[in-house]
Amino acid sequence: MKNLISFLCFILIAGQSVFAQFSREAMDSLNRLTEKDHRNMLEQLHINSLRPGANGNNPTAPNAANYDEAKANPYPSLPDPLTLNNGKRVTSAQMWWEKRRPEIIEDFDREIYGRVPKDTPKVSWEIIQIKNDTVGNIPVITKILIGHVDNSAYPTISVDIQLSLTTLAQITTPVPVIMEFGFKFPKGFALPSPAQTAKEPDWQQQVLEKGWGFAILYPYSVQADHGAGLTQGVIGITNKGQFRKPDDWGALRAWAWGASRALDYFETDKTVNAKQVGIEGHSRFGKAALVTMAYDTRFAIAFISSSGEGGAKLHRRNFGELVENVAGTGEYHWMAGNFIKYAGPLTPKDLPVDAHELIALCAPRPVFISGGEKGDAWVDSRGMFMATVHAGAVYKLLGKKGLETDIYPPVGTALLEGDLAFRQHTGGHTPAPNWPTFIEFASRYLKTSK
Ligand code: GCU
């Protein structure tokens with residue numbers, strides 16, 4: 001039931017209302033527990049009140065989301081990814097790896113996404129099914145896996161990570177794999193499919209046509225998508241069912257941790273070239289994909305779709321969703337408790353780091369940042385572009401190329417010159433129209449074994 005509810009929360013947030021038949025009582029109790037957890041964190045932080053988030057639904061509301069570029073940059077100066085906390089300039093790759101990168105990670109850990117505990121539970125992977133199948137008439141083999149999370153530290157919670165891996169039926173050498181953070185729909189339901197702007201095959205088929213495999217990891221099997229779930233899931237196992245401390249990990253890091261455990265499995269699977277595994281995610285899972293890529297340097301490439309606030313968009317922007325939204329009861333569980341401070345008494349200007357430095361943590365590995373146009377203003381594509389531009393300095397220091405321009409491209413134009421890539425597609429809140437562009441970009445890095 002819990003999974004259904006968290007899924008329902010997601011759907012409601014995403015503006016759909018097809019799930020009205022789920023019990024009101026279950027929703028109410030979940031909301032009560034979430035509010036209790038949020039209040040507990042405010043008490044730990046000695047905060048009495050927060051600024052409200054932007055209202056994305058009512059343009060005449062006093063706190064209506066801003067979509068006027070002239071008002072979008074109240075805090076134009078960004079922290080410098082290449083200046084150490086002691087004011088010294090970072091002038092070599094060695095200084096980046098040994099001094100500056102750890103400083104940036106410490107800030108993201110403490111203030112934004114939370115710390116992954118030192119001793120996270122072991123995961124043992126079990127293949128529960130291997131099936132021959134087809135994807136768009138292409139013969140494939142799919143492995144269905146469960147990652148059993150060791151819960152001996154707190155046996156009342158069990159976590160079984162759900163993962164699938166699909167490769168071409170006839171492969172003779174290990175292949176690159178693109179892993180997606182997948183949405184799982186309750187039986188009998190499916191999201192209304194987003195308006196396709198082109199008649200492309202599904203992303204899975206596009207990936208297979210390159211000779212690569214694909215994997216799908218279900219983040220909600222690692223950690224629920226609501227504040228009530230913070231005493232459960234893998235966070236609950238490590239907290240032993242207690243409330244989080246302000247710098248404990250949130251759901252984004254827990255989902256990213258799950259992706260890293262999946263990569264551990266790929267390192268043992270002879271069909272996978274584990275040095276060529278990419279990560280992709282959309283929206284909240286776009287945030288999770290960027291966090292995965294930033295923290296786990298084993299991931300080779302990333303496709304970050306419509307990640308917005310809490311993902312690739314600069315926190316210092318005032319356009320669409322704001323820090324204040326993510327600090328509220330519906331979304332704070334994605335982040336460290338400390339992040340809430342920046343919605344009152346502090347402001348986004350006080351954040352020690354910003355999204356350009358999260359992208360910079362991915363350097364020198366290739367990252368494609370994606371957003372949509374119609375109906376996707378909430379994610380602030382320009383704010384994500386700006387963060388990508390400013391991450392470029394670190395790519396350059398490491399001998400790679402950033403976006404190679406700071407001029408915002410017309411919608412539909414792909415910037416693919418560098419190791420950071422960007423495209424705002426003409427579709428809505430979906431990665432679909434950007435898959436062919438991502439695959440073109442990724443083809444420069446991933447070896448096709450066909
Ligand atoms: C909401 C939320 C976004 C999130 C999105 C999603 O719109 O405000 O931050 O990315 O849900 O995951 O669909």
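Keep in mind the model is a prediction, meaning the values are calculated, not measured. As the structure lists them, so they are numbered: ligands from 1, and atoms in each ligand from 1.
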For E331, state whether at least one heavy atom is located under 4.0 Å from any atom of ligand 1.
yes
Does W334 come within less than 4.0 angstrom of ligand 1, counting non-hydrogen atoms of the residue?
yes
Please tabulate, one pair per line, all N/O donor-acceptor pairs under 3.5 Å involving side-chain atoms of residues 55-65, not counting sequence neighbours.
from	atom 1	to	atom 2	distance (Å)
N55	OD1	N57	N	2.8
N55	OD1	N58	N	3.0
N58	OD1	T60	N	3.0
N58	OD1	T60	OG1	2.8
N63	ND2	G53	O	2.9

For R115, is there an ion pair with E106 - N to carboxylate O distance below 4.0 angstrom?
yes
So that I can tick it off, tell me whether K401 and D419 are bridged by a salt bridge, with the cut-off set at under 4.0 angstrom between side-chain N and carboxylate O.
no
[X] N/O under 3.5 Å from ligand 1 N/O:
{"X": "R284", "answer": "yes"}
{"X": "W378", "answer": "yes"}
{"X": "S283", "answer": "yes"}

Residue pairs, two or more places apart or on separate chains, that pass salt bridge (Lys or Arg N to Asp or Glu O under 4.0 Å) and touch residues 29-50
none
Any donor-acceptor pair under 3.5 Å from T388 side chain to M384 backbone
yes
Close-contact set for ligand 1 against H429 heavy atoms, below 4.0 Å:
13 (O)
Of all the atoms in ligand 1, which lie at a distance below 4.0 Å from a heavy atom belonging to K287?
3 (C), 4 (C), 9 (O), 10 (O)
Let me know which of F303, F438, W212, F214 forms a ring pair (Phe, Tyr, Trp, His ring centres under 6.0 Å) with W203.
F214
